[in-house]
Amino acid sequence: MGSIMTDTPLDFIDRSEHLKITLAITLKCNLACDYCYIQKNGSTMALSTARKAVDFIFKFVGKSNKADINFFGGEPLLEFDLLKEITEMIQSDPSFDRDRFAISVVSNGTIFSSEIAEFLIKNNVALCISCDGPGAVQDRYRHFPDGRASSAIVEENLRKALAIFPLTPVNAVYSPDNFRSLPQVVDFLAGLGGRNIFLSPNISAAWTEKDAQMLPEIYEAIGKKYIDYYRDGRPRYISLLDGKIAVILRGGYRPLERCRMGKGEFAFGPSGSIYPCERLIGADEGGEHCLGNINDGAAIARACKDISGSAANVECQTCSLKDYCMNWCGCTNYHSTGSYNTVSAFMCASEKAAIGAAFNIIQHMSENGIDLSHHLSGSPLMNVISECMKEHMAQKV
């Protein structure tokens, strides 16, 4: 990253649409997930640091643009009182507007209560819960520091949360030793009431060529379940497929959908250090990814000049699928290959398999008269929201 010192707003910050801001308010965590890219310690963000980060948000969003503000960790609900104070800080700012600022919190699912639910409802804060799937899958990597399983408490809390917030995103991470179970993971999460399912690969794992060769069959199996959900009138948003369907129908990723690390996306560690993505916070010790520190006079001391938003791989330049491919995801590339702009063989195979499965879904739905207009407009989740609203109204009758 090229170093440029400044005391004024930087021209490279992209404010044409909205900012994505992550506040890692603590690196404490009550789990010890094997694949976590955050190095846990006891650090917690000071209110004075949070105040400066919030000022940064409002300064760069301005009076007409938008921002997504996400509480992250560690486990942010371990610092629930701090989370509440920072939320109040955000919402009491004269420039705060609920139509322009979306607030969310990512949790490992081990902490949930009626008090938390009431706070989320009152303050319009969205909840995202991580759960890799049924017991054997969840407990393989997501366990307590002493090795105890986490699946029972996470399943219980997930059921409670989904009963209150049916559109709660649920994120499942899959690894080389369990990705064959992905269709069963989807069934499990859907069976708990999950409508908004995210499937994310363990990007730092040692994926093999044999693993990559199995992806098309596995993603196609998920695609068949996806079609069945729609056919039965109970659609599920499945990120692996919905994102690709939308992109294919629109003819490719739009500029603001591509990597905006360090331009339109920033993450704050508890120390106040600023990173281009929450996946790059690590132990929050500064280092190669750090752009500066919010507690310094010049908050951003250097810019991300070497994240181009497109892959450096020669084969990517001429690939017929490049417009639909996330080869530009800098943090994924870094954790996979050590370079922001170099795509791993596994991620290439995964993207091709997901695009292929999405094409097949589009063809099937088109042939069977299933409406995909929400995907075309870039809002595939609207199909799920519509069904939730129908169920809600039916329950009131």
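Only heavy atoms go into these numbers, but all of them, side chains included; no hydrogens, no water, no symmetry mates.
When only modelled atom types and interatomic distance are considered, E75 and T26 share no side-chain donor-acceptor pair under 3.5 Å. Side chains of Y219 and S350: a donor on one and an acceptor on the other come within 3.5 Å. Using modelled atom types and a 3.5 Å distance limit, the side chains of R279 and T332 yield a donor-acceptor pair. With hydrogens and angles left out, the side-chain atoms of S175 and N178 include no donor and acceptor closer than 3.5 Å. Side-chain contact, D132 with Y35: a donor N or O sits under 3.5 Å from an acceptor N or O. No hydrogens or angles considered: a donor-acceptor pair under 3.5 Å links the side chains of N30 and T110. Looking only at atom types and distance, the side chain of Y253 has no donor-acceptor partner in the side chain of N327 under 3.5 Å away.
Here the rule is side chain to side chain donor-acceptor pair (under 3.5 Å) with S150, and of R142, E155, Q138 only Q138 fits it. The only member of V186, L241, I197, L240 that meets side chain to side chain contact (heavy atoms under 4.5 Å, CB included) when paired with Y226 is L241.
Between F101 and F58, the ring-plane angle classifies as tilted under the 30° and 60° cut-offs. Ring orientation note: the planes of W207 and F346 are close to parallel, at an angle under 30° on the 30°/60° scale. The aromatic rings of F198 and Y237 sit tilted relative to each other, their planes meeting at an angle between 30° and 60°.
Under the ring pair (Phe, Tyr, Trp, His ring centres under 6.0 Å) criterion, F72 pairs with no residue, sequence neighbours left out. Checked against side-chain hydrogen bond (donor to acceptor under 3.5 Å, both in side chains), S339 has the following partners two or more places apart in sequence or in another chain: T342.
Other residues, nucleotides and ligands place more than 12 heavy atoms under 6.0 Å from the CD atom of E367.
Residue V154 is found in a hydrophobic cluster whose other members, listed by chain and number, are L31, F144, I153; membership requires side-chain heavy atoms under 4.5 Å apart, directly or through intermediates.
Ring centroid separation for the pair F60 and F266 does not come in under the 6.0 Å cut-off.
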